[in-house]
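Everything on this sheet refers to the single structure shown next.
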Amino acid sequence: MPLIKYYIMAIELSEQEIIRRQKLEEFNRLGINSYPAELYEVNVNSKEINENFPKDQSLYQNVSFAGRIMHQRIMGAVSFYELQDAHGKIQIYAKRDELCPGEDKTLYNGVFKKLDIGDIIGVKGFVFYTQTGEISIHIKEFTILCKSLRPLPIVKEKDGEVYDAFQDPEQRYRQRYVDLIVNPQVKDTFIKRTQLVNTMRNFLNEKGYLEVETPILQPLYGGAAARPFKTHHNKLDMTLYLRIANELYLKRLIVGGFDGVYEFSKDFRNEGMSRFHNPEFTQMELYVAYKDYEWMMNTVEEMVEAVALKLHGTTQVQVGENIIDFKRPWKRFTMYGAIEHFTGTDISGMNEEEMAEFAKKCGVEVDASMGRAKLIDEIFGETCEAKLIQPTFIHDYPIETSPLTKKHRSKPGLTERFEAVCNGKEICNAYSELNDPIDQRKRFEDQLELGKRGDEESMVLDEDFLRALEFGMPPTAGLGIGIDRLSMIMTNSPSIQDVLFFPQMRPEKKKEVSSEQDFINVGVPQPWIAALYKLNINTLELLKEANPNKLLNDLGGMRKKLKMDVPAVQLQEIQNWIANIK
RNA sequence: GUCUUCGUAGCUCAGUAGGUAGAGCAAUUGACUCUUAAUCAAUGGGUCGGGGGUUCGAGCCCCCCCGAGGACACCA
């Protein structure tokens, strides 16, 4: 390839990337396809070998294995590479004179030794112990399965200590594939997350509940207090919203006669992001007919305990500094009871004024718009929530903040609602579902009032949902449990981004570069384009703004530096290029 | 949205007082037939996030912007 071509490539490619592309061409010349179409038969994985070979060394004498090269230790005519597959790593051992029995040593010197960290190869051979006692595959042949064109971050490890770890959060989240390759423990988190979901799914299926799917694109959004994402359907010419919850649809199914339905649902909320919030997140919602919220508390305990047992083999889970024990039964507090427990004050009998006074004492910023319910909520948030490390149910919430919840059977002003709090954060929200259609209409209307007063998160009135309730919904217990939050706890992850493969990020900005053709179109001869790139004049805009006299000097300098075999450029030519730019 | 910390080679990070941009790993070339953070020798590699300013001179000082982390706010 001509030198000049590399200067142009180098605008976007690093030296190492160019070298890898050259190797690809070199392999091609040798007749090696670096991206073969055929399947590669694999008959063993690294975990099986590492577990079973020490017990029985007659095993694995004819293996076919594939993986990604993670380390290379080349010692002249012998090489040790480490290959990584989905389950772990294993060392391979290659000998030049075995791979190349004849005179021609190209396959070893020109191909095997030229492989890069990141390349994926298949190998055939037998498993043995090296002199230093490491299980290895002594390979007889190898096949390139995929040439890697980008250098991986190099993470080294000795005696459990990791050197040069790849840990910049931005790069880890944006390029999760790299994170997964070089930080294998990241996989465990996501495997646990899937186990968590599977455990819950099995638990619910065994009880006979039906997993269902409901719309994500909704003409009305409901079931939670949140701002939605808005989108548009072209053919129908109508606004649709991405769901903020699926509650109202699942309850329609209870009306329809199912006695237990659940859905693992991606929900979308147009809010700020934080360690605990991602714009899209996963909830499992469950609705069971003829049950109430007390029954649901027992069910949640049972299900989450089962998850802990499945993932950790014990109910005790290390989370940050704390050991959290999910063993049933969990502590239960009424909301008033929790506040009294942590502040020593019983606020249940207070009027709004007294409560506002007390809220201020607790450190809540009180303003005139706050009603009794809001004050209780704030006092709880300020004084209790963060202190609730062990899983705890908080029940009996004020009616104003719970528009879909049944009124409490015996306590006026309260509802039959509970949340489970764990590690200082809510993990679920559940209630005896409101099935009185007249009361429900009134609650929606109250929400509309809030909306008119400027509350952007108030609920909208869903006429079809009310119609369904008017046909009659049996008494029902409902639950929403945050899968991301629960995963954070169960995997000891401090940030929601650690339990989402691809957390939301601002888009990366790509450096703007005009194409070679753009430059040719305004009359720049090919050889000079590389020189312009080298001068950081990457776009026509930059060329247009350039001072022609300075550019004449700079290009003269580049002509020498790049040893360009073309006549020097004239001022008039440069002026012509610039004049040609629109 | 506010406050705060950060952005230097492919990766991890140094960078003195404002004075020619450094190290380790990775890469290239060479040596090496049981290494394992392999070793040894040589070589190449930089828009110091971007733009502007102060200065004879800026990676460093000042301003604006972009991106990321954390805290708070909003929100469950």
Side-chain angles (χ1 to χ4, degrees), chain A residues 10-11 13-20 22-23 70-82 89 91-98 108 113-114 116-118 128-136 138 148-175 178 182 224-227 244-245 267 269-279 281 283 365 377 380-381 385 401 419-421 425-429 456-457 480-482 484-485 494-497 503 505-509 511-512 533-538 542:
Chain A
I11 299 302
L13 298 179
S14 67
E15 179 197 32
Q16 294 195 39
E17 289 173 295
I18 293 170
I19 288 167
R20 285 179 180 226
Q22 287 173 305
K23 285 184 181 175
M70 298 303 287
H71 288 288
Q72 293 171 295
R73 290 181 284 273
I74 299 172
M75 323 216 16
V78 238
S79 307
F80 297 88
Y81 290 0
E82 271 172 42
K89 287 183 192 160
Q91 180 172 269
I92 62 168
Y93 170 76
K95 231 171 166 171
R96 180 190 65 202
D97 297 337
E98 287 177 2
Y108 181 79
K113 271 168 74 174
K114 301 283 180 189
D116 290 307
I117 289 174
F128 75 115
Y129 275 113
T130 61
Q131 284 175 13
T132 47
E134 175 148 353
I135 298 172
S136 305
H138 186 133
S148 166
L149 296 181
R150 279 181 191 261
L152 280 174
I154 306 296
V155 180
K156 300 222 170 188
E157 198 189 326
K158 190 189 187 182
D159 303 330
E161 200 161 335
V162 178
Y163 300 80
D164 298 339
F166 177 69
Q167 55 194 3
D168 173 33
E170 175 166 5
Q171 293 202 72
R172 287 187 49 222
Y173 301 147
R174 281 194 199 280
Q175 303 180 41
V178 175
V182 304
R227 271 178 286 175
I244 57 172
D267 292 342
R269 297 189 183 176
N270 211 336
E271 293 159 355
M273 292 159 63
S274 78
R275 213 150 66 75
F276 296 97
H277 300 84
N278 194 63
F281 65 102
Q283 256 198 112
E365 284 182 36
D377 214 42
F380 175 78
E385 199 167 25
T401 51
E419 295 189 354
V421 180
K425 277 280 163 188
E426 172 207 343
I427 56 169
C428 81
N429 183 12
E456 289 183 82
E457 278 142 13
I481 183 161
D484 311 286
R485 298 255 179 106
S495 166
I496 197 169
Q497 297 173 114
M505 304 285 267
R506 282 204 165 76
E508 283 179 278
K509 264 214 301 220
K511 189 168 58 176
E512 244 186 275
Y533 282 143
K534 208 65 182 161
L535 289 167
N536 285 328
I537 298 179
N538 294 329
L542 287 170

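Note on naming: letters A, B, ... go to the chains in the order of the sequence lines (proteins, then strands), and numbering restarts at 1 for each one. Predicted, not measured: the structure shown is a model, and the values here were computed from it.
Across all strands, A:Gln16 comes closer than 4.0 Å to base atoms (heavy-atom distances). Across all strands, A:Arg150 comes closer than 4.0 Å to no nucleic acid atom at all (heavy-atom distances). Within the nucleic acid shown, A:Gln131 comes within 4.0 Å of at least one base atom, counting heavy atoms only. At a threshold of 4.0 angstrom between heavy atoms, the contacts of A:Arg20 with the nucleic acid are absent. Across all strands, A:Gln497 comes closer than 4.0 Å only to sugar-phosphate atoms, never to a base (heavy-atom distances).
Atom P of B:C62 sits at a distance of 13 Å from the matching atom of B:U4, rounded to the whole Å. Across B:G50 and B:U55, the matching P atoms stand 23 Å from one another, rounded to whole Å.
When side chains are defined from C-beta on, A:Gln72 does not count as touching A:Ser79, because their heavy atoms never get closer than 4.5 Å.
In plain terms, the two heavy atoms of A:Glu17 and A:Pro151 that are nearest each other are CG-CD, 3.9 Å. The nearest pair of heavy atoms linking A:Gly480 to A:Gln283 is CA-OE1, 3.6 Å.
Taking the side chain of A:Thr130 as heavy atoms from C-beta on, and the options B:G10, B:U35, B:U33, the nearest nucleotide is B:U35. When each of B:U12, B:U33, B:A37 is scored by its nearest atom to the side-chain atoms of A:Gln171, the top-ranked nucleotide is B:U12. Side chain of A:His277, nearest nucleotide from B:U28, B:G69, B:C75: B:C75. Listed nucleotides B:C13, B:U33, B:A37 differ in distance to A:Asp97; the shortest reach to its side chain belongs to B:U33.
Where pairing requires Watson-Crick or G-U contacts shorter than 3.5 Å, the helical stems of RNA chain B with at least three consecutive pairs are B:1-7 with B:66-72, B:10-13 with B:22-25, B:27-31 with B:39-43, B:49-53 with B:61-65.
You won't find any donor-acceptor pair under 3.5 Å spanning the side chain of A:Glu15 and the base of B:A27, going by distance alone.
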